[in-house]
Colleague: 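The structure is given below, and queries will be raised subsequently.
We number each residue from 1, following the sequence as shown.
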Amino acid sequence: MLSTSPNAFAKVWRLSWPIILSNITVPLLGLVDTAVVGHLSDARYLAAVTLGATLFSFLFWGFGFLRMGTTGLTSQAVGREDSSAVRHLIGQSLLMALGIGLALIAFSTPLIEFGLWLLQGSSDTQALAASYAHIRILSAPAVLANYAIIGWFLGQQNSRVTLLLMVTSNTINIVLDLWFVLGFGLKSDGVATATVIADYSACTLGLLLVARQLASVGGHWQPERLFRWRAYGELFRVNHHLFVRTLCLLFAMAFFTAQGARMDTVTLAANAVLMQLVMMTSYGLDGFANAAEALTGKAVGANDWQAFGRDVRACTLFSLLTAVTASLAFLGFGNELIGLLTDIDEVRGYAATYLPWVVVLPIVAVWSYLLDGIFIGAIQTRAMRDTMVMSLAIYLLCWLMTRPLDNAGLWLSFTMFMLVRSASLGLVYQRKRRTQWCRSSSSS
């Protein structure tokens, strides 16, 4: 049933490994930030960086549609062999990123005040976090442009650019962290400044790579496709759906953290440790989902449904292997992994109680990662939005019904959220595979 060709496996792995490796560099940077600021004399600086970084992880990833939408549309343009569309998609996406980035800077004061109010914290920490945030917001155009650049290259089945940009950004960030904080004594503001410089450095490299790639894409710029609102219709439609979907996902994650925090400090800490294990699984699953975006998008653009089926099967096998391996690892070595993340006995014991949920989650969630990738490639973003809204509603309803169970109810609700995401996307996929995604390429 899931048999496929060695060539399909090779394509998936070639696209996936740079993304998986680049994902692994993200927590490395977080560890360096924590270590550098955590060794200062005052814990307020570490708290400020934590608050500020949390704010921007939500704020910037809320515009992650610039990566996903660009990947899906570009991959389909590649499948159609429409070089003009490939060229203009990067131009449109970069202009959109610039506009959103400048708007975030222009409205930075109310955004930062509101975001830090939601995150709470002591008055001293809030002041330091606000200073950090007002520096960090300056990188908004570069961060969003990097999303568009990575999405464009991924749509052309070039995932090594993702790795190159991430390694460049994180290396510069780590070096400047050490220099500004330990050398110049800039403390939390030094961490923010290092991040801004690193983001613009990666963006500059990305733009140079785009310019080089455009030379081989062919075609010429058409101003009417860059500077007329009507030309952005499809990009706006796709990104609108993805924006709503991403906001729902971010809310679901924030709700989980907030409910744990309302219980007690030990619950919050234990849930954070367990979520780190969940995120470890996502590094691999994201890589294969991104490969699915590029490969299925090209197949849909070319109306080649045999290739579509082969690529879906290859991505499915890789994703399942990753999920099963993660579940078995958590089952066999979960307590040891918890011990690596915390040496607080109370937190370790409490986390071990809820470890079975983390064992189950990879098998439940793998389908949502994979199907997200397929649906992005196929530009079925409305279905992604609708199923996410439904999943979030069921998640919140389940939480209301299981509140007397406290943290067990929270984990049950979150697992139900992932299960409904997987099941609902799976049903839509099966219907479309029978009715739309089944025509032979010869019938086009």
Colleague: Strictly under 6.0 Å, is that where the ring centroids of Phe414 and Trp357 end up?
Modeller: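 Between Trp357 and Phe414, which both carry aromatic rings, the centre distance is not below 6.0 Å.
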
Colleague: Kindly give the heavy-atom pair with the smallest separation between Leu144 and Gly101, and that separation in Å.
Modeller: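 That would be CD1-N, 3.8 Å.
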
Colleague: Any side-chain donor-acceptor pair under 3.5 Å between Ser84 and Arg225?
Modeller: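 A donor-acceptor contact under 3.5 Å links the two side chains.
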
Colleague: In plain terms, say whether Arg245 and Asp372 are close enough for a salt bridge, that is, a side-chain N and a carboxylate O under 4.0 Å apart.
Modeller: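 Answer for the salt bridge query: yes.
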
Colleague: Taking Ser422 for the side chain and Leu419 for the main chain, is one N or O donor matched with an acceptor at less than 3.5 Å?
Modeller: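 Flag not set: sc Ser422 to bb Leu419 has no pair under 3.5 Å.
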
Colleague: Step by step, would you call Thr193 with Ile197 a side chain to side chain contact (heavy atoms under 4.5 Å, CB included)?
Modeller: CA-CA 6 Å; Thr193 304; Ile197 295 173; 4.1 Å; yes

Colleague: Determine, stepwise, if the pair Asp189 / Ser131 fulfils side-chain hydrogen bond (donor to acceptor under 3.5 Å, both in side chains).
Modeller: CA-CA 7 Å; Asp189 285 355; Ser131 178; 2.9 Å; yes

Colleague: Please report the shortest heavy-atom distance between Asn23 and Gly287, naming the atom on each side.
Modeller: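 Minimum heavy-atom separation between Asn23 and Gly287: ND2-N, 4.5 Å.
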
Colleague: Would the number of heavy atoms belonging to other residues, nucleotides or ligands and lying under 6.0 Å from CZ of Arg237 be above 12?
Modeller: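 Atom CZ in Arg237 is packed in, count exceeds 12.
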
Colleague: Using ring pair (Phe, Tyr, Trp, His ring centres under 6.0 Å) as the criterion, point out the one residue from Phe251, Phe256, Trp411, Tyr395 that pairs with Phe417.
Modeller: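 For Phe417, the ring pair (Phe, Tyr, Trp, His ring centres under 6.0 Å) test succeeds with only one of Phe251, Phe256, Trp411, Tyr395, which is Tyr395.
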
Colleague: Do His241 and Met384 touch side chain to side chain, with heavy atoms closer than 4.5 Å?
Modeller: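 Heavy-atom side-chain distance check fails, nothing below 4.5 Å.
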
Colleague: A cation-pi test, strictly: NZ or CZ of Arg87 under 6.0 Å from the centre of the six-membered ring of Trp221 and no more than 45 degrees from its axis. Yes or no?
Modeller: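 Relative to the ring axis of Trp221, which defines the angle, Arg87 lies inside both limits.
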
Colleague: Would Ile19 and Leu154 satisfy side chain to side chain contact (heavy atoms under 4.5 Å, CB included), going step by step from the backbone distance to the final call?
Modeller: CA-CA 10 Å; Ile19 298 169; Leu154 183 57; 3.9 Å; yes

Colleague: Ignoring hydrogens and geometry, is there a side-chain-to-backbone donor-acceptor pair from Thr387 to Ser424 under 3.5 Å?
Modeller: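 Here the side-chain-to-backbone pair does not exist.
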
Colleague: Apply side chain to side chain contact (heavy atoms under 4.5 Å, CB included) to the pair Trp367 and Arg421, showing each step before the final yes or no.
Modeller: CA-CA 8 Å; Trp367 307 104; Arg421 281 185 64 198; over 6 Å; no

Colleague: For residues Ile137 and Leu59, determine if any side-chain heavy atom of one lies less than 4.5 Å from a side-chain heavy atom of the other.
Modeller: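 A side-chain contact under 4.5 Å exists here.
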
Colleague: Could you go step by step and tell me if Asp82 and Val86 meet the side chain to side chain contact (heavy atoms under 4.5 Å, CB included) rule?
Modeller: CA-CA 7 Å; Asp82 187 348; Val86 172; 5.8 Å; no

Colleague: Looking at CD1 of Ile363 and CG of Leu320, how far apart are the two atoms once the value is rounded to the nearest 0.5 Å?
Modeller: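 The CD1 atom of Ile363 sits 7.0 Å away from the CG atom of Leu320.
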
Colleague: Indicate yes or no for a side-chain donor-acceptor contact from Asn170 to the backbone of Ile172 under 3.5 Å, with no hydrogens or angles considered.
Modeller: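 Here the side-chain-to-backbone pair does not exist.
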
Colleague: Are any side-chain N or O atoms of Gln156 and backbone N or O atoms of Trp152, one a donor and one an acceptor, separated by less than 3.5 Å?
Modeller: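 Yes, the answer is positive, given that a donor and an acceptor are paired below the 3.5 Å cut-off.
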
Colleague: Could you report the tightest heavy-atom contact between Asn146 and Cys203, atom names first, then the distance?
Modeller: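 Closest approach of Asn146 to Cys203, heavy atoms only: OD1-CA, 3.1 Å.
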
Colleague: Report the distance from atom CG of Leu370 to atom CG of Leu285, rounding to the nearest 0.5 Å.
Modeller: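 So the CG of Leu370 and the CG of Leu285 are separated by 9.0 Å.
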
Colleague: May I ask you to check whether Lys432 and Gln380 show a side-chain donor-acceptor distance below 3.5 Å?
Modeller: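 Yes.
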
Colleague: If you count every heavy atom of other residues, nucleotides or ligands that lies below 6.0 Å from Glu224 atom CD, does the total exceed 12?
Modeller: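 Yes, CD of Glu224 has more than 12 neighbouring heavy atoms, counting only those of other groups under 6.0 Å.
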
Colleague: Thinking salt bridges, do Glu293 and Arg67 make one under a 4.0 Å N-O criterion?
Modeller: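 Salt bridge: yes.
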
Colleague: What is the minimum heavy-atom distance between Thr70 and Ser93, and which atoms define it?
Modeller: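 So the minimum-distance heavy-atom pair works out to OG1-OG, 2.9 Å.
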
Colleague: How long is the gap from CG on Leu214 to CD1 on Ile90, to the nearest 0.5 Å?
Modeller: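 Output value for this atom pair is 7.5 Å.
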
Colleague: At what distance, to the nearest 0.5 angstrom, does OG of Ser108 lie from CD1 of Ile135?
Modeller: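 Those atoms lie 12.0 Å apart.
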
Colleague: How far apart are the closest heavy atoms of Ala291 and Ser16, and which atoms are they?
Modeller: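 What the structure gives for the nearest pair is CB-OG, 3.5 Å.
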
Colleague: Counting neighbours of CZ on Arg80 that are heavy atoms of other residues, nucleotides or ligands and sit closer than 6.0 Å, is the number greater than 12?
Modeller: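 Enclosed.
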
Colleague: Check for a donor-acceptor pair, side chain of Tyr232 on one end and backbone N or O of Phe227 on the other, with a separation under 3.5 Å.
Modeller: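 Between the backbone of Phe227 and the side chain of Tyr232 there is no qualifying donor-acceptor contact (under 3.5 Å).
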
Colleague: Sequence neighbours excluded, which residues qualify as side-chain contact (heavy atoms from CB on, under 4.5 Å) partners of Thr162?
Modeller: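 Thr162: side-chain contact (heavy atoms from CB on, under 4.5 Å) contacts with Ser22, Ile150, Met166.
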
Colleague: For Trp399 and Phe255, take the angle between the two ring planes, folded into 0 to 90°, and tell me which bin it lands in: parallel under 30, tilted 30 to 60, perpendicular over 60.
Modeller: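 Perpendicular.
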
Colleague: Do Leu226 and Leu95 have side chains that approach each other closer than 4.5 Å (heavy atoms only, starting at C-beta)?
Modeller: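 Yes, at least one pair of side-chain atoms sits under 4.5 Å.
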
Colleague: Are the side chain of Gln76 and the backbone N or O of Gly377 linked by a donor-acceptor pair below 3.5 Å?
Modeller: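 The answer is yes, because a donor-acceptor pair under 3.5 Å joins these two groups.
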
Colleague: Do Asn239 side-chain atoms and Leu235 backbone N/O form a donor-acceptor pair below 3.5 Å?
Modeller: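 Checked: pair present.
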
Colleague: Has Asn173 got a side-chain atom pairing as donor or acceptor with Ser169's backbone, closer than 3.5 angstrom?
Modeller: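 A pair under 3.5 Å: no.
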
Colleague: Quick one: pull up OG in Ser319 and CG in Leu317 and give me the separation to the nearest 0.5 Å.
Modeller: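 Rounded to the nearest 0.5 Å, the OG-CG separation comes out at 9.0 Å.
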
Colleague: Any donor and acceptor pair, going by atom type alone, linking the side chain of Trp437 with main-chain N or O of Phe308 inside 3.5 Å?
Modeller: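 No.
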
Colleague: For the pair Ser327 (side chain) and Val359 (backbone), establish whether a donor and an acceptor sit closer than 3.5 Å, ignoring hydrogens and angles.
Modeller: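 Checked: pair present.
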
Colleague: If you look at every heavy atom in Ala133 and Leu55, which pair is closest and at what distance?
Modeller: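 Here Ala133 and Leu55 meet closest at CB-CD2, 4.3 Å.
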
Colleague: Between Tyr147 and Trp61, does the ring centroid distance fall short of 6.0 Å?
Modeller: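 Under 6.0 Å, so yes.
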
Colleague: Atom CD1 in Ile105, atom CG in Leu138: separation rounded to 0.5 Å?
Modeller: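 Spacing of CD1 (Ile105) from CG (Leu138) equals 5.5 Å.
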
